[in-house]
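Here is the structure we will look at, set down as structure tokens.
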Amino acid sequence: GGVVQIMTCGLNEKFMTDLKDGRLKSLLDFLYKDDTLSLEIRQNFIELYYRGQKLCKVISEDDDYKIIDLSENHDNVKKYCDEWTKDIPLMKQNIDFYLHDNPNLEMEYGQYLMRENNRDSQAFDTDYYMAVMDYNNHEENKINLIGIKWLATESSRTKGDRIAIAFIEMKYGDKKPIEDSIFQKHTEELSSFIQNKKNLFSLYKDIETIFNQKVELGLINGVDKKIVINRNIKPEFILVVSSHRGENHELISEIRKVTTSFDYSNLVQNINMKVAKTNYAGYGLYEEQILNIQEFVNEYQDMWGTHIDY
């Protein structure tokens, strides 16, 4: 489970052409006008997300396309694509009602983070873009988001030769008990995953394909060319902390569990472990606001006068 399973992602040429100019163009036009939806590229099918939840998927079948409604956790509602954009509001309402009783704020705010760094007006000015949600398509033990680090300087954007990969984990609020958190489990899985270079290079290829196809579809603001990830730059793991009360020490305890519970020294040889501070209550990711874990702990201790046995 978790991030260990490899997918081969991407849409074939016909699927891409139909989204841009063919029988799926009405869907893409809908997405341009509705920033609350995110299109995720899988293995020659797409999934739409709303509030961090799968809304529907679109599959190629018998030289046509069908929509499968996932908003009520069933997959037996199939309609041909020329009928279905009018049903999206009802699917969204199904998700709204579901989340009222089953909130999942990590996933919901993860999608906000994707929107702010990819689609909103300032997206071209942040230092990270998001490539994909739910890369491995499993329902548990997964990294929220995989993105790319591409500094928003003229030199970096022009050359495009220093693009790195970033695994992003969203943590919302302080109410979830530490023992229920899967941050530690995700980190251990990631450690195992990235030590296998074959896994990592397959993932690089998938992320390049997904991101470049999103660029081609006009879903990444400010990018109009293909990217190549620099395999020689160490990946980053970024814990994005939202709505955390500083004097609540559980976050630091949780981080300490990660840094002391397994072969952490080996992990940091292969990946840069970081924590993103809130950027004036927004979700834009800027390099100067993303600290390595030791810097974050030190700043926390200075601010709250609390010694952490790190």
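- Residues passing the side-chain hydrogen bond (donor to acceptor under 3.5 Å, both in side chains) test with K226: none are found, sequence neighbours excluded.
- Looking only at distances, a side-chain donor or acceptor of E116 sits under 3.5 Å from a matching main-chain atom of G284.
- Two rings, from Y65 and F15, have their centers less than 6.0 Å apart.
- Residues satisfying the salt bridge (charged side-chain N to carboxylate O under 4.0 Å, His left out) criterion with R231, sequence neighbours excluded, are E208.
- Residues meeting the salt bridge (charged side-chain N to carboxylate O under 4.0 Å, His left out) test with K25, sequence neighbours left out: D29.
- No more than 12 heavy-atom neighbours from other residues, nucleotides or ligands sit within 6.0 angstrom of CZ on F97.
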(request) Evaluate side chain to side chain contact (heavy atoms under 4.5 Å, CB included) for I168 paired with I146, printing each intermediate quantity in order. (result) CA-CA 6 Å; I168 294 166; I146 301 176; over 6 Å; no
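- Proximity of V268 to N292: side-chain heavy atoms (C-beta onward) are nowhere separated by under 4.5 Å.
- Evaluation of the salt bridge (charged side-chain N to carboxylate O under 4.0 Å, His left out) rule for E40 yields K214 as partners, not counting sequence neighbours.
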(request) Would you sort out whether M133 and M107 count as a side chain to side chain contact (heavy atoms under 4.5 Å, CB included), showing the intermediate values? (result) CA-CA 9 Å; M133 295 177 67; M107 292 300 294; 4.0 Å; yes
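- Remark: Y128 pairs with no residue by the ring pair (Phe, Tyr, Trp, His ring centres under 6.0 Å) rule, at least two apart or across chains.
- The CZ atom of F167 lies 12.0 Å from the CD atom of E189; values are rounded to the nearest 0.5 Å.
- By the side-chain hydrogen bond (donor to acceptor under 3.5 Å, both in side chains) test, Q213 pairs with no residue at all, sequence neighbours left out.
- To the nearest 0.5 Å, atom CG of residue D120 and atom OG1 of residue T126 are 10.0 Å apart.
- L151 places none of its side-chain heavy atoms less than 4.5 Å from the side chain of R162.
- Counted within 6.0 Å of CD on E13, heavy atoms from surrounding residues, nucleotides or ligands total 12 or fewer; the atom is thus considered open.
- Qualifying ring pair (Phe, Tyr, Trp, His ring centres under 6.0 Å) partners for Y204, counting only residues two or more places apart in sequence or in other chains: F201.
- Under the rule for a side chain to side chain contact (heavy atoms under 4.5 Å, CB included), the partners of K225 that lie at least two apart in sequence or sit in another chain are W150.
- In plain terms, the two heavy atoms of L11 and I41 that are nearest each other are CG-CG2, 3.8 Å.
- The two residues N230 and D161 make their nearest non-hydrogen contact at ND2-O, 2.9 Å.
- Evaluation of the side-chain hydrogen bond (donor to acceptor under 3.5 Å, both in side chains) rule for R51 yields D96, E108 as partners, not counting sequence neighbours.
- A chain of hydrophobic side-chain contacts below 4.5 Å, direct or via other Ile, Leu, Val, Met, Phe, Trp or Tyr residues, connects Y32 to V58.
- Residues T36 and Q111 come closest through the heavy atom pair O-NE2, 3.0 Å.
- Considering all non-hydrogen atoms of both residues, D206 and C9 come closest at OD1-N, 3.1 Å.
- Here the side chain of N117 pairs a donor or acceptor atom with the backbone of Y283 at under 3.5 angstrom.
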(message) side chain to side chain contact (heavy atoms under 4.5 Å, CB included) for V132 and L145? Distances and angles first, verdict last.
(response) CA-CA 6 Å; V132 64; L145 294 162; over 6 Å; no
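- At least one side-chain heavy atom of I207 sits less than 4.5 Å from a side-chain heavy atom of I148.
- Residues R42 and D134 come closest through the heavy atom pair NH1-O, 3.2 Å.
- Using a 4.5 Å heavy-atom cutoff, the side chains of K149 and I163 are not in contact.
- K20 has its side chain within reach of E216: a pair of non-hydrogen atoms, C-beta onward, lies under 4.5 Å apart.
- Side-chain atoms of N221 never come within 3.5 Å of backbone atoms of N118 as a donor-acceptor pair (strictly under, hydrogens ignored).
- Using a 4.5 Å heavy-atom cutoff, the side chains of L239 and F296 are not in contact.
- Residues that satisfy the ring pair (Phe, Tyr, Trp, His ring centres under 6.0 Å) test with Y50, not counting sequence neighbours, are absent from this structure.
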(message) Between R157 and D125, does the salt bridge (charged side-chain N to carboxylate O under 4.0 Å, His left out) criterion hold? Intermediate values first, please.
(response) CA-CA 10 Å; R157 291 290 167 89; D125 195 39; over 6 Å; no
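- For the atom pair CG (L37) and OH (Y49), the distance works out to 13.0 Å, reported to the nearest 0.5 Å.
- Listed by chain and residue number, K92 satisfy the salt bridge (charged side-chain N to carboxylate O under 4.0 Å, His left out) test with D34 (two or more places apart in sequence, or in another chain).
- If you take NZ on K234 and CD1 on I271, they are separated by 9.0 Å, rounding to the nearest 0.5 Å.
- Ion pair D69/K54 not flagged as a salt bridge, since none of the NZ, NE, NH1 or NH2 atoms sits closer than 4.0 Å to an Asp/Glu carboxylate oxygen.
- The closest side-chain heavy-atom distance from V223 to Y129 is below 4.5 Å.
- Between L90 and Q93 there is a side-chain heavy-atom pair separated by less than 4.5 Å.
- By the side-chain hydrogen bond (donor to acceptor under 3.5 Å, both in side chains) test, D127 pairs with no residue at all, sequence neighbours left out.
- If you take CE on M16 and CD1 on I46, they are separated by 10.5 Å, rounding to the nearest 0.5 Å.
- Between L203 and I165, the closest heavy-atom pair is CD2-CD1, 2.9 Å.
- Note that CG of L19 and CG of L28 are 6.0 Å apart. Values are rounded to the nearest 0.5 Å.
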(message) Between N199 and I194, is the side chain to side chain contact (heavy atoms under 4.5 Å, CB included) condition met? List the steps.
(response) CA-CA 7 Å; N199 283 353; I194 64 173; over 6 Å; no
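- In this structure, the side chain of T209 engages the main chain of K205 through a donor-acceptor pair within 3.5 Å.
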